[in-house]
Amino acid sequence: MPSPADLVSIPFAAWVNLFVRDWLVPNFRPFFRSMQWPITQVLNGLSGFLNAVPMPVFAVALALIAWRTAGRGVALFTLVALSFIDMIGLWPETMTTLAMVVTAVLFCVVIGIPLGVAAARSDIVRAILRPVLDIMQTIPSFVYLVPIVMLFGVGVVPGIIATIIFALPPIIRLTDLGIRTVREDLTEAAEAFGATPWQMLVEVQFPLAMRTVMAGLNQTLMLALSMVVIAALIGAGGLGLTVFTGLGRLDVGNATAGGVGIVLIAIVLDRISQALGERRAPRAPTLMRTMRSLLSLRGAGGGTNEEEDPKRRKGV
Amino acid sequence: MKTKITGNNLYKIFGGDAAEAVALLRAGRTKDEIFAATGQTVGVHDVSFSVAEGEIFVVMGLSGSGKSTLVRMINGLIRPSAGEILIDGIDVAACSGEALRRVRREKVAMVFQHFALFPHKTVAQNVSFGLKIRGVGKAERRARAHAALEQVGLAARADSYPDELSGGMQQRVGLARGLASGPEVLLMDEPFSALDPLIRGDMQQELLELQRRLKKTIVFITHDLTEALTLGNTIAIMRNGAMVQTGTAQEIVGAPADDYVAAFTRDIDRSLVFTAASVAEAPEALDIGAVDAEGALARMEALGLDAIHVVEDGRLAGILTWRAAHAALRAGTPLGEAVLRDVPAAPPQARLFDLYPLASAGLPIALGDGKGGLAGVVRPQAVFARLSRKDAREKV
């Protein structure tokens, strides 16, 4: 059978090599290297902090956060899950992974929300961003590890950069969507009272888009968590490394332990970030009420708060 | 009265190149022809109007008549394709974004059909939104929001969220939000349409009550002619983007410009629209000091009246029926004793509805001139003649 390859053969791989190796890397390596600096700073700070905090303190703190946002069920689960991770001996790896995920998500928020706002405001920006986001989401995650290594080298920070690229699209898309779906009569009302575009964004659009933005944040968080594991391939540490080495040595036990750690941390982060999105910010319980409801759980009294709480937290 | 808002030859074309469609419209083509030819929709077609300071100007029309587009032109939410809109001499249709924002912040507030309250803000925060946008400090915002809520009777709900209030309450908040920034002009886009009829009636009366005190210039949009007639000092009726008729309630109902308007006015309770003055006749009165019974009878014969009002020193003194005058003539008693001192009387601006009980006496109703004199006379027959529709020949 004749095929197009008989007529012309395109040395595509060679062209890409030429472009990346002989042009991009020599010319832009210092630029890409300097991009690592802010990420390194944030990561080192976070990682140092998380590894310095004693396990029980951290577990209780996260459980408290879970309590305030997602209710007592999730708080209880957080305590149990973190204790389990500690008991199977993966606490330091988990903290490293957490530091990497939080760093990646932080940068996703800082980059993604302004881009989402810009896309919501301008159809041109949106038209440019859309194909870029589509590409980012469809390229298999392993594929961009190669250029990342070429440009940034190996290690934790390049792993986080890969994670940022992988996890960025949902927060951009959902910020865009959230702002575009704010009820038109509300933006019209704000305009009728003479709001500037910035006032419109801060007073009306963003607060009303908050639920959708938080859903985007939740997605970004989950994607970041899955990518951080894959990033172990290029030298990022943490739970991913545990799984990866377990895989290499056909050590089912260790690989499974790392996997379970990732799943547990994923469930906790997912529940908390989802609850953050569903909560209505102005009606969040005050510290006093939370303390009172804490007491009412332990003691017999304080029925009034208990009656209100499930209503506010329905759907969580 | 001073003119506050003027619209001159306004057009609004949706979609595509407006200039072409405007040219076609000016050449006399209809809305449908233009849609067929260019695919463009005509929103507003050559509308001119003027709103006097302190009046309620009601724009009435069915959905798609362009009334909502028209009201949005006044605060620049929609820019006209051609024409000008002047508020105190500033052309809103042509001014810069910054100047337009200033007009919106300081001069013109708006109340919306579906309230458009911000669900993430409390009632007080909603009401003070315009002030916040303008950069007013927190304490003053709170104070002015409370004052505005006080006016609509909702001060107690300042810290509730909009979804905790009923529809009527929400629109009161919408109204308070409009009033809080102290605008000179209030645009109301079908503000009461989403409310049930009883609440709507209450809100209309409340608006009139507020307006008596505040004397804002109000442009009020509605699809309900009864509401238009209740509220409007001037009423403009729109159809297919054009203004078909502009006038007072009595002018619209008494002399509809075309069949379209006539069809609307058919089911209106005319007794609530027309005033006593609209059916009044020139006052004929006897000066009791100057005539005797014979003269009085002769005068009534000449005018074809059964009864005639009597004045004494220029003031309304009573009414003399033909029968009483005749009796006085035969008995030879003084004419003054035959005069009924208890006269049915009403002010000229009283509605026909208010004349029903007076008309039941069967005597002509005296319209006072406010100084004890007689400004006009309403015969009971005239009240009923006015209520029947087929009397376009009568003066309005």
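Per chain, numbering begins at 1; letters A, B, ... match sequence-line order.
- Neither the backbone nor the side chain of Glu184(A) has a heavy atom closer than 4.5 Å to any heavy atom of chain B.
- At a threshold of 4.5 Å between non-hydrogen side-chain atoms, the residues Leu86(B) and Glu84(B) count as touching.
- Taking the six-membered ring for Trp and thresholds of 30 and 60 degrees, Phe193(A) and Phe129(B) have ring planes more than 60 degrees apart, a perpendicular arrangement.
- Looking at residues two or more places apart in sequence or on another chain, you find a side-chain contact (heavy atoms from CB on, under 4.5 Å) between Ser122(A) and Ile124(A), Val125(A).
- In this structure, the portion of Val108(B) lying under 4.5 Å from any heavy atom of chain A is its backbone and not its side chain.
- For chain B, the nearby parts of Thr196(A) are the backbone and the side chain; heavy atoms of each come within less than 4.5 Å.
- When heavy atoms are compared at a cutoff of 4.5 Å, Leu117(B) approaches chain A solely by way of its backbone atoms N, CA, C and O.
- Note: Lys132(B) leads Lys132(B), Arg134(B), Met110(B) in heavy-atom pairs under 4.5 Å with chain A.
- Looking at Arg200(B) and Asp196(B), no side-chain N of the basic residue comes within less than 4.0 Å of a carboxylate O on the acidic one, giving no salt bridge.
- Side-chain contact of Thr222(B) with Glu190(B): a donor-acceptor pair under 3.5 Å is absent, judged by distance alone.
- Heavy atoms of Arg72(B) lying under 4.5 Å from chain A belong exclusively to its side chain.
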